Structures are given as structure tokens and as C-alpha cells.
Protein chains: 2
Amino acid sequence: MTLAEQVFHQLRRDIVSGKLKPMQPLRLDHLKKLYGVGFSPLREALNRLQSERLVQSVALRGFTVAPASQREMWDAIETRILIETRALRLSIALGDDDWESRLVGSLHALTLQHKRMADNNAAASADEDEALEARHQEFHATLISACGSERLIDFAQKLYIQTERYRYSGLHQRLPVGDRDVRAEHGALLSAAIDRDADRAAALLKRHYRLTGEMLDRTFDPSLGEKKAMSS
Amino acid sequence: MTLAEQVFHQLRRDIVSGKLKPMQPLRLDHLKKLYGVGFSPLREALNRLQSERLVQSVALRGFTVAPASQREMWDAIETRILIETRALRLSIALGDDDWESRLVGSLHALTLQHKRMADNNAAASADEDEALEARHQEFHATLISACGSERLIDFAQKLYIQTERYRYSGLHQRLPVGDRDVRAEHGALLSAAIDRDADRAAALLKRHYRLTGEMLDRTFDPSLGEKKAMSS
DNA sequence: TAAACCTAAATCTTCGAAAATCTGACCTAT
DNA sequence: ATAGGTCAGATTTTCGAAGATTTAGGTTTA
């Protein structure tokens, strides 16, 4: 793995986790010391992050962490619904036995991780959180993986990362989940996909993302939710 | 404008125009001499082109021009229809007087350019072609400019450039337009938008892009079309 | 013969200094 | 007071050499 790729992943994690705050200027000298690399891999990583909408830049005036707001969050969520419901319908139409099997497998892996963390009533470690996030991403990626369109998959992946930012804040504010049963939502999604019921699956996916968004709305307007907890 | 931006635009033109062929390896030493710049701006431009799907890269093995195929073309077209019909519906719902006015203005500019080039029965110069392309892009960008979603606009712009590649080949093969009246299609689109008839506008837009795709299908299977002409 | 192992050339990646540009403070003239 | 101009410091952008990796060809070995 090249240095540029390593820095890309580190920077991405630091932005998604909020260690680097929205709108914060990213000065090259500072990042150079922080990550211990030269200008070239830094610029390469920042350029790639820009196409993921995690950083912004103005020529000759440097890079900043992309702003985060409720409006941006809902734009990402609604665009993601548009892209992924289409991709899911295509996957359901085109997916073969192998796709179904991978789907069952990735939900199982997600469930295992979920259960382990639920049993363990101590606060989840950062590693466990990351593992859960990876399983979650894997399940949603598998759902649309048989759609046959590289572009839909690519857009969906970018939008996933954009929304990850907001989920992370919610996670660390220990937002109440409300009366949601996220595991059941995933299970219903799998059933609909295996039943090849595209309408039902698309509706479930849309609701899944909207519910997440509504839960995260409380991140922005604390009066709607319970008391805010500190992050980390 | 920085060197990296200049090289980005030059490289993009050379790929869209086919001067750099699909799958062609892009060796840095070669590009360095070709564009007269150092490694840094080259890499920056290539990285940006990668996020536009005009180049591909593998770490430590360099960059290549992205492949072009009928399948890729239709993927870009159908994804574009998904994105732009949504964005157009939103624009029609949200657009104000200013939007309508800009729309009328940009169609007029497109029509003027179109007429000038039609009157001039000599072969169009590269400059005229570029001007027409710019007007065309401007009209389609204006159509969706009031949608309120930066992400939809961003995706649409990237997909426009991806399809531009294929339109360029068609243009220079002097494909017969068939019984299409492209100017009328644009006019009908404007009417539907101003009438705030979202269903009609979305249907027209979809048909507009599909017809273009079907025309360009002949680029890949010459037996379907008339005799092929040389490019330039 | 085919596989594994070298070696040299080609190529990509990274570094830090140098060049170019921006920012803000200070000065001047109206 | 305000607009415009100038300069130093901070910052980004660019360059080419040096480092790292891949590729291709030839050699050895089983």
C-alpha cells in the first residue's frame, strides 16, 4: 500500500470520527508533521477525499474539512435512497445464487458482531465499533452488488461514507434508538431480497435510511432528543 | 489557474476527443514532455480525472485511459437518466422566476449556436464544436440547477462528461441524425419545464438521452448505420 | 522442459527545496 | 475616514532528484 493510500485512510477516519472538525483548515505543514509524510502523498490523499466530499479546496488557498449540517446530511440520505433503491431493484432482478448466498453470509456476519457488542454491556471499543461499521457497510454493499452498474455502486459507496460521518456523531452521543429494531430491519430487507420482491425491498430500504436520518436529526437539535453525551 | 487545473482540462479534452485512446497507458515521463509540466501537477490532474472515470489507475503501475464500450456508455446514460429526471422534477418544483429566465436564456444561446453552424454548410471548426458543446452542457445544467441538491448536480456533471466522450466519436463519424429533431426536443423540454409539468419533462428528458444512445449505438456496430466516415 | 531465481531497465512514488501566490498589517494620498 | 498601494510572513504549488517497486529477459536448477 502506498503512503498516499495510507494517509487517505487515516485522514478519512479522522474526518469521519470528528477528530478533524467540519470547516477546519487543513494546513499542509501541520498534516505533514501529524502523519509524518511529505507533500506529495498528502496532496494525493486530499484530492481523493475531495471527490468523496469529505474535504473542500480552493486553489492556492488550501484544503478544509467539508462542512457538516443537517441539510447536507439529508441531501446525502435522499440521494442515497435514489441510487440504492434503483441498484437494489436491479440486483433483485439480476442476482444469482451466488449473490443470495453472499447476502445471507454478510447479514450473518453483521448479526454476530451486533450480538457480541449487545451482550457486552461495557462501552464498545473503537475497534469493535469499526468492525461493526465494516460489517454494516459490507451488508449494504452486497445488497446492491448484483446491479450490474459500476456507476451506481460507486456513487452508493461515496454516499455511504458521507452518511457515515453523521452516524458516527450519533453513535457517540448515545442517541436513544427509539422504538427501532435495526436488526429486524436488516432481516426484513434480506427476506424481501430473497423473495425477489423488489417493491417491498425498496420500500424497506427507503424506510431504513429515513429512520436513521430522523434519529440523527436529534444530533442537530438537542431539544428533540435526550441529554447530549460527550464524545469519547 | 494552477498548472494542475490547466493540465486537467487539457488531458480531459484529449481523452474525450479520442486523441488519447481508451486503455492507452499514460506514462508520466511521456505526459511530462507532452504537456511541459512536472510530476506534481500531472498526478493531481490524473487523480481528478480518475474520479470522473476518464482514467483508471493501479498503485505502482500507473494510469491508463478508461476503457470505452457500448456497455459503459449505456451504464452512463441510464444512470444519468436516473439522476437527472429526479433533479429535473425537483427543479420544476422549486425553481423560481430567475431559474425560468436562465433556462430561456440558455436555450436561446444554444439555438443561436446551432443555427449558425447549420447555416454554415462547411465542416464545423473545432472551436465551433466546442462552443456548441459548452452551450449544450449549459442548457442541461440549467435545467437541473434549481434542484437544491449539490450531490445530484455533481453526479450529473460527472455523467455528462462521461457521455460526452461517446457523443464526440459520433460527431466525428458524422452519424446520420435519423428522423430526430434535436432542436425540437430541447424546445419541448423547455416548454414542459415552464409549464411545470414534471412528468412530461422527465419523460422528454429520458427519451432525449435514450435517442442519443440509440444513435450512438451505431458507433459500435457499424452494420446498423450508414457508411463510416473518417474522423478529422 | 518448466519453474524458480536473479538482474537491469523502466516506471511510479516520495521527498524537500525553490518558486509562486495569498493574507494582513502598515503606510500614503485623496 | 477611506480607498489604494506596498511589503513581509505564511502557505500553497511546482520541480527534479532520489528512493522504491514492477517488469522483462536471461540464467540456473530440479
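Chain letters run A, B, ... following the sequence lines, proteins first, then strands; residues in each count from 1. The figures that follow rest on heavy atoms only: side chains count, while hydrogens, waters and symmetry mates do not. The structure presented is a predicted model; accordingly, all values stated were derived computationally and were not measured.
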task = Can you tell me the distance, in whole Å, between the CG atom of A:Leu28 and the C1' atom of C:dT14?
result = 15 Å
query = A:Glu44 CD to C:dC12 P: how many Å, rounded?
reply = 13 Å
note = Counting primed atoms, P, OP1 and OP2 as sugar-phosphate and everything else as base, the B/S/- map of nucleotides 15-23 of chain C against protein heavy atoms under 4.0 Å is BBB---SSS
query = D:dT12 C1' sits how many Å from A:Leu46 CG, rounded?
reply = 12 Å
ask   = Hey, do the aromatic rings of B:His186 and B:His140 have their centres closer than 6.0 Å?
value = yes
key: Cation-pi check, B:Arg102 onto B:Phe139 ring (under 6.0 Å, within 45° of axis)   = no
ask   = Atom CG of A:Leu42 and atom P of C:dT14: how far apart are they, to the nearest Å?
value = 11 Å
query = Salt bridge or not for B:Lys33 and B:Asp29, using N-O below 4.0 Å?
reply = no
query = Taking CZ from B:Phe63 and P from C:dA10, how many angstroms apart are they, rounded to a whole number?
reply = 21 Å
query = Could A:Arg167 and A:Tyr160 be counted as a cation-pi pair, given that NZ or CZ must be under 6.0 Å from the ring centre and within 45° of the axis?
reply = yes
query = Taking atom P of D:dT14 as reference, at what distance in whole Å does atom CD of B:Gln6 sit?
reply = 9 Å
inquiry  = Can you measure A:Leu31 atom CG to C:dT14 atom C1' for me and round it to whole angstrom units?
reply    = 17 Å
query = What are the two closest non-hydrogen atoms of A:Trp74 and A:Gly213, and how far apart are they?
reply = CZ2-C, 3.4 Å
note = Separation of C:dT14 atom P from A:Met1 atom CE, nearest Å, is 12 Å
ask   = In terms of side-chain geometry, is the basic nitrogen of B:Arg116 or B:Glu128 positioned less than 4.0 Å from the acidic oxygen of its partner?
value = yes
